[in-house]
Amino acid sequence: MHSVSATIPFVDLSAQHQPIQDQIEQAIRGVMQRGDYILGQALAEFEQAFAAACRSQHGIGVACGTDAIALGLQACGIGEGDEVILPANTFVATLIGVLRAGATPVLVDCDAKTALIDLVAAEKAITPKTRAIVPVHLYGQMVSPTLLRNLANTYGLLIFEDAAQAHLAEREGYRAGSIGVAAAFSFYPAKNLGALGDGGMVVTNDETVAQKMRSLRNYGASRKYFHADYGTNSRLDTIQAAVLNVKLPYLTEWNLDRSQIAEQYNTRLKPLYAQGILPIQNQCGKGHVYHLYVIRARVENQDGSAACALDRETLQEKLAHQDIQTGIHYPIPCHLQPAFKNLGYRAGDFPISETLCQEILSLPMYPGLSDPQIHRIIDVLEASLTAHSALKISA
Ligand SMILES: *Cc1c(COP(=O)(O)O)cnc(C)c1O
């Protein structure tokens with residue numbers, strides 16, 4: 001048992017890996033015995049198993065989640081001249097994927113309560129050139145499948161999900177990865193399902209998209225040394241797939257652990273609402289898989305709710321001072337990143353995303369985070385706010 005006063009890391013994969021270490025080593029040895037390191041048996045097994053878990057027919061393993069977005073969009077026939085709508089409030093990989101597919105990204109703002117793409121703003125951004133929408137199931141919460149499908153059907157758009165943070169998430173009877181034409185997943189080590197290195201996958205029910213994906217990730221070869229497509233080399237390593245095969249059966253249990261941790265946080269945080277600490281709202285119910293648990297330290301109070309006495313940076317420092325590690329997902333919205341200046345966006349274009357980026361703080365979240373640890377995190381948070389108010393009164 002870890003002592004409650006020890007450092008609480010932001011993510012700790014050891015609790016996940018320790019009990020299955022022998023199984024993992026055995027799986028890796030199995031690949032070495034067969035020697036099928038590229039496009040081997042364990043990859044085919046994992047592609048089938050993961051696609052089935054997503055209630056999808058085909059899975060195509062690639063080198064990382066970013067490639068899954070870039071090649072996945074390409075496999076769906078999206079590219080030059082096509083506008084693709086995506087949220088400004090996401091990890092830059094979503095934007096990089098759209099750009100690498102050759103399409104024109106059209107960013108839109110997010111919803112203040114959920115931090116997910118604002119579908120009203122998305123509808124307003126549709127033009128005759130819009131071909132697709134890339135909803136991001138941010139923090140493990142799905143964007144409403146019903147609303148997405150209504151929008152896509154009305155305007156004849158393709159839905160391509162960025163499900164990199166939402167393995168096995170559910171909403172309105174749908175699983176993440178099964179709403180649209182195809183979806184991208186990442187198996188970066190800290191994701192809900194992570195490899196021991198980089199990895200990604202596209203899942204789809206469309207046979208043609210699946211075939212195109214198999215070609216694109218393998219130099220564009222439909223058969224050996226025959227190149228019909230301009231592809232690349234982006235295959236999920238057989239060794240990583242073997243590791244993921246061992247981990248996949250535990251995913252439901254790990255996700256459940258995450259939602260129980262989130263419930264603990266929710267309960268303990270309620271008394272702090274009045275002090276301007278608000279969790280990102282869950283409108284997804286039990287299907288939220290809590291890749292991250294994110295709170296906001298409110299800087300404004302236009303809706304009459306309290307502003308937080310401490311800004312996000314100060315809160316983060318206070319927690320760090322008590323050996324509690326936190327994260328910020330993400331501190332700068334995509335449209336304000338220097339790398340994408342040429343897209344022509346400016347500060348003020350997406351005010352909700354911009355405010356959120358200043359307010360949000362991700363608390364430790366991983367299977368194995370204990371109740372005493374959660375209590376300590378909230379206690380320190382509470383004490384920091386109280387100490388600050390006391391100082392203000394006495395000054
Ligand atoms: C992690 C992530 C990606 C990229 O995945 P990689 O495997 O790191 O390339 C894309 N989109 C989102 C929302 C992510 O969180």
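Atoms within a ligand are numbered from 1 in the order they appear, just like the ligands themselves. Computed from a predicted model, the values in this text were never measured in an experiment.
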Just let me know how Ala164 lines up against ligand 1, side chain, backbone, both or neither, with a heavy-atom cut-off below 4.0 Å. side chain
Answer yes if Leu119 and Ile280 sit in the same cluster of Ile, Leu, Val, Met, Phe, Trp and Tyr residues linked by side chain heavy atoms under 4.5 Å apart, and no otherwise. yes
Distance filter under 4.0 Å to [X] heavy atoms, resulting ligand 1 atoms:
X      : answer
Thr66  : 4 (C), 5 (O), 6 (P), 9 (O)
Ala93  : 3 (C), 4 (C), 10 (C)
Val136 : 13 (C)
Gly65  : 5 (O), 6 (P), 7 (O), 9 (O)
Lys191 : 1 (C), 2 (C), 3 (C), 14 (C), 15 (O)

Option of least heavy-atom distance to atom 5 (O) of ligand 1 (set: Pro189, Ser186, Ala70):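 Ranked by closest heavy atom to atom 5 (O) of ligand 1, first place is Ser186.
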Does any N or O in the side chain of Asp82 come within less than 3.5 Å of the main-chain N or O of Gly79, such that one atom is a donor and the other an acceptor?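 Side chain of Asp82 to backbone of Gly79, a donor-acceptor pair under 3.5 Å: yes, one is there.
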Residue pair Asp36 / Gln41: nearest heavy atoms and the distance that separates them: OD2-N, 2.8 Å
Do we see a donor-acceptor contact under 3.5 Å between the side chains of [X] and [Y]?
X      : Y      : result
Tyr155 : Glu123 : yes
Glu25  : Gln21  : yes
Tyr37  : Arg235 : no

At what distance is the nearest protein heavy atom to atom 13 (C) of ligand 1, and which residue and atom is it?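 The closest one turns out to be Asp162 OD2, 3.4 Å.
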Check this for me, if you would: do Glu170 and Arg55 make a salt bridge, where the nitrogen-to-carboxylate-oxygen distance has to be below 4.0 angstrom? yes
Would Asp198 count as being in polar contact with ligand 1, using the rule that some N or O on each side must be under 3.5 angstrom apart? no
Any nitrogen or oxygen of Thr90 lying under 3.5 Å from a nitrogen or oxygen in ligand 1? Just yes or no. no
